[in-house]
Enquirer: 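Pasting a structure here, questions to come.
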Amino acid sequence: MSVSVYLEDSGIAERLVESRREQAQEALGRLWSGELDFTGWVKLPDRINEKSLSEIEECAKKIREDSDFLIVLGVGGSYMGAKAVIELLGERASGTKVLFAGYNFSARYVNEIFDEIEGKDISLCVISKSGSTTETLSAFGIFRKYMLDKYGREETAKRTYAITERRSNYLYDLAVEDGFTVLDIPLDIGGRYSVLTPVGLLPIAVSGIDIRELTRGAADLADPEKFRGDALDYAITRQLMYSFGKRIEVFEFFDPYAAFFGEWLKQLFGESEGKEGKGLFPTSLMFSRDLHSMGQFLQQGAPSFFETFVLAENTLQDVLVPQEAGGIFAGKTIQQINRCAEDGVYAAHVKAGVPALKITVDSFSPENVGELIYFFETQCAVSALLSGVDPFDQPGVEAYKAEMKANIKAL
Ligand code: PA5
């Protein structure tokens, strides 16, 4: 496994972690046994076969050939994974820019997209597992009308991709009626675990990132044998942190392009664990920017949190600070300085008694990011099961939707 975990500064005694390993293996066994609903993602990397990859690549090729922009409409698990991966790995020169919408109710946001796509060719990718989410479907109504006015019904259908469950729902029925291309969200995979399905893979492929490398990384780790021994200690440590009174996990990155990966982690952990009055509140920070705003709290604030550093050992690019700049940084590279910041922050916080964990990959390559995604999904699900909650439902989200829909109907 290329993801490595360092827990020496967690402040949790090793024998305690060891004493929970059997329980963690039992939880892992439940994920693999198929006895729980929505565990299709566990074996997913094996199910991503040549046929499904080729189908996604074909769609991505067509979109790149006929569109300057792909507008992806989705919210929560129906967009966060794709956006996280595209930002982290960087859009390749595919010629088609991927824009995300349908995750807010901002008229200004919609209008700014209209300004950006003026006179350009576009395709739409509407993603909703339930096929009925208000944010997504209201935005779809707006952009579909724009497409119908611009292209007419037949061409709009050719440029529209619906990703949903293959069974009757508002979006699926419309897609069948109008003849959009439909790609499946498997019935046994929930939104926040769906990044390695067409939900994430189509937008990622359009951005020019190699989805074969990404899924290969996940497939390499999708084997229960890879999680034997101490490989679930991160999940166990999180739960021990909670039992010792910690209530917040701060995911920390030293790469601005990883910030949205932090958003994806927040959803994954927050929606999987925050229920029945339990759960660590996940948050994320991007350094060194946030050291100048939140660094004070981390160093000396209320000890309700622990830190999880998510790091890449190497980067593809570097820049030299010229000798002429003077100062201690002259003649050093940005990456050398960043490494000094990483090590310095870690040391300062550990010295102050803040529990710190480190999760590291060699670099943020497509393969390693695929592995990292599968790593966090597994650790998150095991951690939730250890705390006694169902990682795969989100009853609280349904509650707000019902209230909001009642308000909209009353307008
Ligand atoms: O993880 C989840 O299940 C949620 O975040 C959903 O992805 C989100 O609510 C969007 O739902 P849908 O895909 O049905 O539009």
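When a ligand or atom number is given, it counts from 1 through the structure's own listing order.
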Enquirer: Could you tell me whether ligand 1 has any atom less than 4.0 Å away from a heavy atom of Q267?
Expert: yes

Enquirer: Under the criterion side-chain contact (heavy atoms from CB on, under 4.5 Å), I'd like the reasoning laid out for L99 against I117: C-alpha separation, chi angles, the key distance, then a yes or no.
Expert: CA-CA 10 Å; L99 303 176; I117 63 178; 4.1 Å; yes

Enquirer: Relative to the heavy atoms of V75, which atoms of ligand 1 are at a distance of less than 4.0 Å?
Expert: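 Counting atoms of ligand 1 from 1, those under 4.0 Å from V75 are 7 (O), 8 (C), 10 (C).
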
Enquirer: Answer with yes or no whether V397 contacts ligand 1, where contact means a heavy atom under 4.0 Å from a ligand atom.
Expert: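 It does not; every heavy atom stays at 4.0 Å or beyond.
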
Enquirer: With a cut-off of 4.0 Å, which atoms of ligand 1 are near a heavy atom of R192?
Expert: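 Atoms satisfying the 4.0 Å criterion: 1 (O), 2 (C), 3 (O).
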
Enquirer: Using a strict 4.0 Å threshold on nitrogen-to-oxygen distance, state whether D178 and K158 make a salt bridge.
Expert: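 So D178 does not pair with K158 through a salt bridge.
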
Enquirer: Hey, is ligand 1 close enough to G76 that some N/O pair sits below 3.5 Å?
Expert: no

Enquirer: May I ask which of K401, Q394, E271 has a heavy atom nearer to atom 4 (C) of ligand 1 than the others do?
Expert: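 Nearest option to atom 4 (C) of ligand 1, by heavy atoms: E271.
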
Enquirer: Using the side chain to side chain contact (heavy atoms under 4.5 Å, CB included) definition, which of the options Y234, F309, Y346 pairs with Y6?
Expert: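 So, applying the side chain to side chain contact (heavy atoms under 4.5 Å, CB included) to Y6 and each of Y234, F309, Y346, only Y346 qualifies.
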
Enquirer: Pull out every atom of ligand 1 sitting under 4.0 Å from any heavy atom of S78, numbered as shown with elements.
Expert: 7 (O), 12 (P), 13 (O)

Enquirer: First locate atom CG of D390, then atom CG of L36, and finally report the distance between them rounded to the nearest 0.5 Å.
Expert: 7.0 Å

Enquirer: Using a strict cut-off of less than 4.0 Å between a Lys/Arg side-chain nitrogen and an Asp/Glu carboxylate oxygen, indicate whether E55 and K51 qualify as a salt bridge.
Expert: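 Salt bridge between E55 and K51, a charged N being under 4.0 Å from a carboxylate O: no.
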
Enquirer: Give the numbers and elements of all ligand 1 atoms closer than 4.0 Å to a heavy atom of S128.
Expert: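 Per the distance check, 12 (P), 13 (O), 14 (O), 15 (O).
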
Enquirer: Charged N to carboxylate O under 4.0 angstrom, R228 versus E225?
Expert: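 Looking at R228 and E225, the cut-off is met.
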
Enquirer: Considering heavy atoms of the protein only, find what lies nearest to atom 7 (O) of ligand 1 and give residue, atom and distance to 0.1 Å.
Expert: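 Of every protein heavy atom, G77 N, 3.0 Å lies nearest to atom 7 (O) of ligand 1.
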
Enquirer: I'd like to know if K266 pairs up with E263 as an ion pair, taking the criterion as any Lys NZ or Arg NE/NH1/NH2 lying under 4.0 Å from an Asp or Glu carboxylate oxygen.
Expert: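 Judged by the 4.0 Å cut-off on N to carboxylate O distance, K266 and E263 do form a salt bridge.
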
Enquirer: Out of all atoms in ligand 1, which are within 4.0 Å of some heavy atom of T133? Include the element for each.
Expert: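 In order of numbering, the contacting atoms are 11 (O), 12 (P), 14 (O), 15 (O).
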
